[in-house]
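In what follows, every chain begins at residue 1, and chains take the letters A, B, ... in the order their sequences are listed.
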There are 2 protein chains.
Amino acid sequence: MSFTPTQKRILKAFKDLLIENGYRNATTHKIAESAQVNETTIFRNFKDKRGLLQATIDQYLADIDRLKQEQKDTGNLEKDLTAMADKYQKFVFDHQAIFMVGLRESFSLPEVNKDVEKIPIHFKSLLVSYLKKMQEKRLISQDLDIEMLAMNFVWLNFGFFLTQSRFTSSFLNITHEEFLAKNIRSFVKELKY
Amino acid sequence: MSFTPTQKRILKAFKDLLIENGYRNATTHKIAESAQVNETTIFRNFKDKRGLLQATIDQYLADIDRLKQEQKDTGNLEKDLTAMADKYQKFVFDHQAIFMVGLRESFSLPEVNKDVEKIPIHFKSLLVSYLKKMQEKRLISQDLDIEMLAMNFVWLNFGFFLTQSRFTSSFLNITHEEFLAKNIRSFVKELKY
DNA sequence: ACAATGTGCAAGTAATAACTTGCATATTAA
DNA sequence: TTAATATGCAAGTTATTACTTGCACATTGT
């Protein structure tokens, strides 16, 4: 999992092209051009194009494990939920390349799709267990459909992220900070007694 | 805008492949196979591959115009918002092919992306004007951030649709009906006094 | 009955993309 | 200083893909 400077440049170029064109349409020619290396250097370092994808997935999976470790609740709803949403959004942003591939090439690369699916699944279970704990502590209303609220929050974040990343209209887009501040406050309102 | 049975079969096969593989990776060979016609028949009917895309876009644009026409409010918040969400989701579902292409090939086919962007833009402005009207009629709270709530609703629907269409885990997915029933009720709660 | 129209089929073309190979050259490590 | 290692470069291979052409055949309207 440690890479030479050349390998890092190649992987960076590869990821940029994944975001724009997806795996199948990211040509080794363009990767080489963007990384400013000779095309053959790619094959010598990563064996084949699949090797590039595998290296990217390996980085991603290692990072998911790290994400699952850290977790600290304060009991302050707005603060905790903001932190969770922020963490989730930042993670998806950092791994945008593999995330987009998992979405758009879900049919041709089902393994990648399975790996990407792990994010919303983890995010949802994180939310469910957090909300249940808050219910036990009597900090939020007792008659809430927690499963639904958690999914609601996941969909909202997912929808926001994709709108930001795929649409340019300012009519649809706000800043990450504004999203966190306003939308989470409104979500928290739903939870209170 | 009227097509022969052969042309309809070709367009159907094309759209199915757009959903799975996107435009660039939908090969004329596979389209022909799926439509059970000879590959040459495609070119004779639609000139080139771009012609297939254009025909699909034309159908989509005509349908968007139709969507913008129909609009009937009852004043019943839950009913109206459910109808809107339902209409939006059904529309996106019907035009999933072009919708997915606009998302995943936003860099290589920016024109398609622009056309697809029209949906959330229209959906948002529909919601904003509806909520403003309800505010004037004193049917919902006066101190609401309507812009934000409308976008919130758009993101929620968008996130739900993509999760449904791209992820298979039952942990993340519920039925269309359940989504409408539960999530909209919860959204309506936020609006009331 | 016949002419137009649409489709199937076989063959081919030109461009692109993922690799391979062989060799020259530059950098680094003993 | 020398030997290993990494990279650049030029050329080529193989497969795929969008698209073309020419001809045979079948359906349909007059």
Scan for side-chain hydrogen bond (donor to acceptor under 3.5 Å, both in side chains) pairs involving residues 92-102 of chain A, sequence neighbours excluded, and state none if there are none. A:Asp63-A:His95
Gap between atoms CG and P, on A:Leu52 and C:dA17 respectively (whole Å): 16 Å
B:Leu180 pairs by side-chain contact (heavy atoms from CB on, under 4.5 Å) with which of B:Thr175, B:Thr82, B:Leu81? B:Thr82
Is the positively charged end of A:Lys49 above the ring of A:Tyr23, judged by distance under 6.0 angstrom from the centroid and angle within 45° of the axis? yes
Decide whether A:Asp115 and A:Tyr60 meet the rule of one side-chain donor and one side-chain acceptor closer than 3.5 Å. no
Between A:Lys47 and A:Gln54, do the side chains contain an N or O donor and an N or O acceptor separated by less than 3.5 Å? no
Do A:Lys114 and B:Thr168 get their side chains close enough for a donor-acceptor pair, meaning under 3.5 Å? yes
In whole Å, what is the span from the CG atom of A:Asn21 to the C1' atom of C:dT16? 15 Å
So if I define the base as every atom that isn't primed, P, OP1 or OP2, how would nucleotides 4-12 of chain C read as a B/S/- string at a heavy-atom cutoff under 4.0 Å? ---BBBB--
I need the CZ-P distance between B:Phe14 and D:dT17, as an integer number of Å. 15 Å
Rounded distance (Å) that lies between atom P of C:dA18 and atom CD1 of A:Ile31: 7 Å
How many Å lie between NE2 on B:His29 and C1' on C:dT16, as a whole number? 18 Å
At under 4.0 Å, does any side-chain N or O of B:Thr28 touch on OP1 or OP2 of D:dT17? no
In whole angstrom, give the distance that lies between atom NZ of B:Lys47 and atom P of D:dT21. 13 Å
Base, sugar-phosphate or nothing for B:Ala26? Non-hydrogen atoms, less than 4.0 Å. sugar-phosphate
Name the residue from B:Phe179, B:Phe161, B:Trp155 that meets the ring pair (Phe, Tyr, Trp, His ring centres under 6.0 Å) definition with A:Trp155. B:Phe179
Atom CD1 of B:Ile42 to atom P of D:dT17: distance rounded to whole Å? 13 Å
Answer with base, sugar-phosphate or nothing: what part of the nucleic acid does B:Arg24 contact at a heavy-atom distance below 4.0 Å? sugar-phosphate
Can you tell me the distance, in whole Å, between the CZ atom of B:Phe43 and the P atom of D:dT20? 7 Å
